[in-house]
*Asks:* 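I have a structure here, written as structure tokens, and I will follow up with some questions on it.
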Amino acid sequence: MTKSNSSKLHVFQDAFWSPGASTTCGWPDFTPGFRVLHDKLAHSIQENKTIIKYVQQRIQTEQQYALSLQQTAATHAKLDGWHDADDRTLKRCFEVVCQESASSADVHRTRVSNLTAMALDPVQRMANKYKTAVESAKAAVNAKMARFDAQAKKTAIAQQDYHAKCQKVLAQQPGYRPPPTSSSSISSTSSIDLAGHAWSRRDLIWLLTRLQQAHHPLLGRHLFEEMRTSVGDNDADHVCQDLVTQGWIIDRRQPTATFDKDTEYTLADAALLASDNDDESPASSSSSSMVSTASSSASAGTFSFWSRRAKQPTPFPVLCQDMYHADVAYKQAVMQLESQRMEIEEALFAHFDDMESLELERIQTLKQAFISMAAALSNTIPIYQDTYNHLMLYQETLHPEKDIRAMVEHCKTGKFTPRPIVYENYFDGPATDQLFGVSLQDIALREECPMPLLLTNGLASIEERLEDCTDDDLCSLWTAPIPLERIHRIRQELNASTHLPITVAALRTYDVIDLSCVLWLYLLELPECLTTSDLYDTIRLLYAGSLSTDNLDTHLLSLGNLMATLPDVNYTLVKALLAHFKGLLDRIQEEARVPVAQQALIHRFSRVFVRPDAASGHPRHDRHPHRLLGDLLSYGADVFTAEVDTAHATHCQRQKVLFQRTSQSTAATMTHMQRSAASSIDQERIFQPLPPPPPTPSASEQTPTVTASPSIRRRAPMPMPSTSTLFEDPEELPSRPPPPAASGPPAAASSANGHTNAEEADDDDHISLDSFFLG
């Protein structure tokens, strides 16, 4: 393989990432894989030094040998004792022998020059370049990781502060909820007039915030260009002037009342932007009412106000304002940390490519140096021809591409599995502010769709453009290597548009290959794989043995029963992806390329469908994810039959029933624990020591008293939650008879039905895997 082809391996990009359990306080840890790679590169630097030292010593030996031969020839060139007439033939033979020594010296000096020019100098140049590049690149990436760790600590502190202030707000007002931020909650009368154009307050705040996040620094020309696209060329300048006059934007250096395109601006305080004197939010209304109440109560008695001033809690509006500022600070910290995470991933992708190119160049340079040494030895004295053949025999076995892959197989730490840093709202959860990194169930629940709109409309946008694709485009649609910077840029645009629905028309603006890579990254950033981490060991057990034609039907039946236990969103998404991949492969006209394209899809999406839990301590490199996806692509119609769909629907209904029972059991347990706690408090009050008796009053002041002792409640037994297993056959649920109704008191009913409940729990715990797999 030529050098240009070998530089396109990109095997380092997907080999030296952190293992599944490498996280630090919830943030991704890039150190393990990076450290393993550079340990190997440091070993390569030592190898370069060893090879250079050997070549230098070999050259010195050749120089010493040549000098010794030259001195020997010069010493014995003129010897006494030879007669001109008698020993002329013998003397001539001896002179030829001495000339051979001189000729051999010249040959060894030629060998020294050849070894220096063709072996030593290239290896030294390569070693110096290799060491400098590795050390400088390592220092640059370490600096980025240090900044990421520092920002991670700041984010953790901001999160703790935000949660603590939310808890303080709830402690004063348990039923408090922050004002809604959706467009429906903002009154239509709350509008801003800018040069005769009406803007809603929420839209203007969102637009200015997006501009400030997109431009660093935010210049006047950025505002002018944005307003020109919104209101036209004539009114754009007046709108920008009104933004300065009304105080929406402020000059960073010296506040002025004139708008300038070259001036750096910043937005007003977020709290001031969010407030509205004409249309107050519920939180501000409640805050003002509490302030007025506090003022009226304070005017009732000045002396009592000052006497109780130290004991009054922090006013509720102040707590709300503190919580709002803490939320903004936490959100900004998460955004900065997420930006640094993507920056580090991009830097690591480029770093891994550079290190792979350096390692390839190193091995190729050393290989060429070894061949040059063999050629130098073979070109000097024919006796070294066998040595040359012996060396070349071993040089033929040295292949840089195979060595790179062997190093990856022995030293790899984990595949590229990004773990996005998700902002979690204390009240609404993570699904309100982002799409990527949020579970499928949360997104589907928020969008009220069978599966996320990004995937539904994304697949639809891709499929409508397949008609114009050639076989080359179809084969590389989901597997083409796209720079991570471009994917992250589109990801940021889609992730920031949570307030707007993602339509097919909006996705048509992106290139079809870029869109497919973004969807792949979205699936890869999900908290767990599509088949859920709970089924990882089960799938591995299913593929533990060898499959044959005889037991293929049984295997597909077991696989269908396994798919029926997936959550509803995962089940729908798996079927949609398989249908899309099947249609994509059917469109390829050249039949010889279909197996290659299918294997590329399996290699690309095997970790999306099956991967171990991130909490597992050891990374796994099993082959059953590839085998599972291969079976689903080849036998999808035999796996997802009508019976499997019915079993899946029954399983989902049973999960809802089990969830309701578990919720009721948890509520009953909490009520019982509260009653038990109250009873224990009453017992503590009984056994408290009595206070000292008061002074004996006079006979006229004595009155009869009655001491009432609280009753001691006996603690009822805590109800045990019902057991269930993931591997129950969904068809067994309707066959179970309902529990008999209790006719007596609760205690009697529980004792009468205790044996039946125990038998049902025992049956649930002892369902075998055979009954699940065989259906």
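Bear in mind the structure is a predicted one, so any value in this text is a computation, not a measurement.
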*Asks:* Spell out, as yes or no, whether a donor-acceptor pair under 3.5 Å connects the side chain of Q172 to the backbone of K168.
*Replies:* no
*Asks:* What's the separation between atom CG in L577 and atom CG in L584, rounded to the nearest 0.5 Å?
*Replies:* 12.0 Å
*Asks:* Tell me, please, which residues at least two apart from Y426 pass ring pair (Phe, Tyr, Trp, His ring centres under 6.0 Å).
*Replies:* H163
*Asks:* Taking distance alone, no hydrogens or angles, what donor-acceptor pairs closer than 3.5 Å link side-chain atoms of residues 442-449 to residues at least two apart or in another chain?
*Replies:*
| residue | atom | partner | partner atom | Å |
| --- | --- | --- | --- | --- |
| D442 | OD2 | S439 | OG | 2.9 |
| R446 | NE | A431 | O | 2.5 |
| E447 | OE1 | L453 | N | 2.8 |

*Asks:* Under 3.5 Å, side chain of S476 to main-chain N/O of T479, donor-acceptor pair present?
*Replies:* no
*Asks:* Is E528 salt-bridged to R611, cutoff N-O under 4.0 Å?
*Replies:* no
*Asks:* Could you go through Y423 and E338, starting from their C-alpha distance and side-chain angles, then the distance that decides it, and tell me whether this counts as side chain to side chain donor-acceptor pair (under 3.5 Å)?
*Replies:* CA-CA 10 Å; Y423 163 75; E338 177 69 357; over 6 Å; no
*Asks:* If you look at every heavy atom in L494 and L435, which pair is closest and at what distance?
*Replies:* O-CD1, 3.7 Å
*Asks:* When rounded to the nearest 0.5 angstrom, what is the spacing between OG1 in T532 and CG in L440?
*Replies:* 11.0 Å
*Asks:* Could you tell me which non-hydrogen atom of F436 sits nearest to which non-hydrogen atom of V422, and how far apart they are?
*Replies:* O-CG2, 4.3 Å
*Asks:* How close do C529 and R607 get, counting heavy atoms only, and between which atoms?
*Replies:* CB-O, 4.2 Å
*Asks:* Mind checking side chain to side chain donor-acceptor pair (under 3.5 Å) for D514 and listing every partner two or more places apart, or none if nothing turns up?
*Replies:* R486
*Asks:* Could you tell me which non-hydrogen atom of A480 sits nearest to which non-hydrogen atom of C517, and how far apart they are?
*Replies:* O-SG, 3.8 Å
*Asks:* Tell me, with the steps shown, if T258 and V244 meet side chain to side chain contact (heavy atoms under 4.5 Å, CB included).
*Replies:* CA-CA 7 Å; T258 305; V244 176; over 6 Å; no
*Asks:* Is there a ring pair (Phe, Tyr, Trp, His ring centres under 6.0 Å) between W17 and F34 once you walk through the steps?
*Replies:* CA-CA 7 Å; W17 298 91; F34 183 78; over 10 Å; no
*Asks:* Output yes when a side-chain donor or acceptor of R147 lies under 3.5 Å from a complementary backbone atom of N142, and no otherwise.
*Replies:* no
*Asks:* Verify, without hydrogens or angle tests, whether T266 (side chain) and I250 (backbone) share a donor-acceptor contact under 3.5 angstrom.
*Replies:* no
*Asks:* Spell out, as yes or no, whether a donor-acceptor pair under 3.5 Å connects the side chain of N457 to the backbone of I502.
*Replies:* yes
*Asks:* Does the distance from a Lys or Arg side-chain N to an Asp or Glu carboxylate O, for E135 and K138, drop under 4.0 Å?
*Replies:* no
*Asks:* Assess whether a salt bridge exists between E525 and R491, defined as any Lys/Arg side-chain N lying under 4.0 Å from an Asp/Glu carboxylate O.
*Replies:* yes
*Asks:* Would you say K144 and E343 make side-chain contact, with heavy atoms under 4.5 Å?
*Replies:* yes
*Asks:* Q434 side chain to N495 main-chain N or O, any donor-acceptor pair under 3.5 Å?
*Replies:* no
*Asks:* Test side chain to side chain contact (heavy atoms under 4.5 Å, CB included) on F30 and V141 and set out the steps.
*Replies:* CA-CA 10 Å; F30 303 98; V141 176; over 6 Å; no
*Asks:* Quick check: closest heavy atoms across I513 and D511, and the distance to 0.1 Å?
*Replies:* N-OD2, 3.1 Å
*Asks:* List the steps, then state whether ring pair (Phe, Tyr, Trp, His ring centres under 6.0 Å) holds for F605 with F581.
*Replies:* CA-CA 11 Å; F605 284 88; F581 293 155; 4.9 Å; yes
*Asks:* Ring centres of W27 and F148 under 6.0 Å apart?
*Replies:* no
*Asks:* If you count heavy atoms of other groups shown closer than 6.0 angstrom to NE2 of H238, is the number above 12?
*Replies:* no
*Asks:* Does the separation of the ring centres of F352 and F12 fall below 6.0 angstrom?
*Replies:* no
*Asks:* Using only atom types and a distance under 3.5 Å, with no angle test, would you say the side chain of S461 pairs donor to acceptor with the backbone of G458?
*Replies:* no
*Asks:* Using the side chain to side chain contact (heavy atoms under 4.5 Å, CB included) rule, take L515 and R465 through it: C-alpha gap first, then chi angles, then the decisive distance, then the call.
*Replies:* CA-CA 12 Å; L515 182 59; R465 287 182 276 183; 3.7 Å; yes
*Asks:* Are the side chains of L170 and F427 in touch, meaning some heavy atoms are under 4.5 Å apart?
*Replies:* yes
*Asks:* When rounded to the nearest 0.5 angstrom, what distance separates CG in L267 from CD1 in I205?
*Replies:* 9.5 Å
*Asks:* Does T263 use its side chain to pair, donor to acceptor, with the backbone of G220 at less than 3.5 Å?
*Replies:* no
*Asks:* For the atom pair CD1 (I344) and OG (S339), what is the distance rounded to the nearest 0.5 Å?
*Replies:* 10.0 Å
*Asks:* Between E225 and R221, does any NZ, NE, NH1 or NH2 come within less than 4.0 Å of an OD or OE carboxylate oxygen?
*Replies:* no
*Asks:* Would D433 and K331 satisfy salt bridge (charged side-chain N to carboxylate O under 4.0 Å, His left out), going step by step from the backbone distance to the final call?
*Replies:* CA-CA 10 Å; D433 294 276; K331 198 170 194 177; 2.7 Å; yes
*Asks:* Could you walk me through whether N570 and Q441 pass side chain to side chain donor-acceptor pair (under 3.5 Å), step by step?
*Replies:* CA-CA 8 Å; N570 298 50; Q441 288 75 15; 3.0 Å; yes
*Asks:* Has M335 got more than 12 heavy atoms of other residues, nucleotides or ligands less than 6.0 Å from its CE?
*Replies:* no
*Asks:* From L223 CG over to C240 SG, what is the distance, rounded to the nearest 0.5 angstrom?
*Replies:* 5.5 Å
*Asks:* Have a look at V518 and tell me which of I487, L454, I482 forms a side-chain contact (heavy atoms from CB on, under 4.5 Å) with it.
*Replies:* I487
*Asks:* Can a salt bridge be assigned to the pair R604 and D14 using a cut-off of 4.0 Å between side-chain N and carboxylate O?
*Replies:* no
*Asks:* When rounded to the nearest 0.5 angstrom, what is the spacing between CD in Q13 and NE2 in H351?
*Replies:* 12.0 Å
*Asks:* Mind listing the closest non-hydrogen atom pair of W478 and I462 along with its distance?
*Replies:* CZ2-CD1, 3.8 Å
*Asks:* So, does D251 use its side chain to make a donor-acceptor pair with the main chain of Y265 at under 3.5 Å?
*Replies:* no
*Asks:* Mark yes or no for whether H222, through its side chain, and L219, through its backbone, hold a donor-acceptor pair below 3.5 Å.
*Replies:* yes
*Asks:* Do the non-hydrogen side-chain atoms of Y522 and P452 ever get within less than 4.5 Å of each other?
*Replies:* yes
*Asks:* Pair H580, E463 - check side chain to side chain contact (heavy atoms under 4.5 Å, CB included), show working.
*Replies:* CA-CA 8 Å; H580 172 75; E463 289 177 354; 3.0 Å; yes
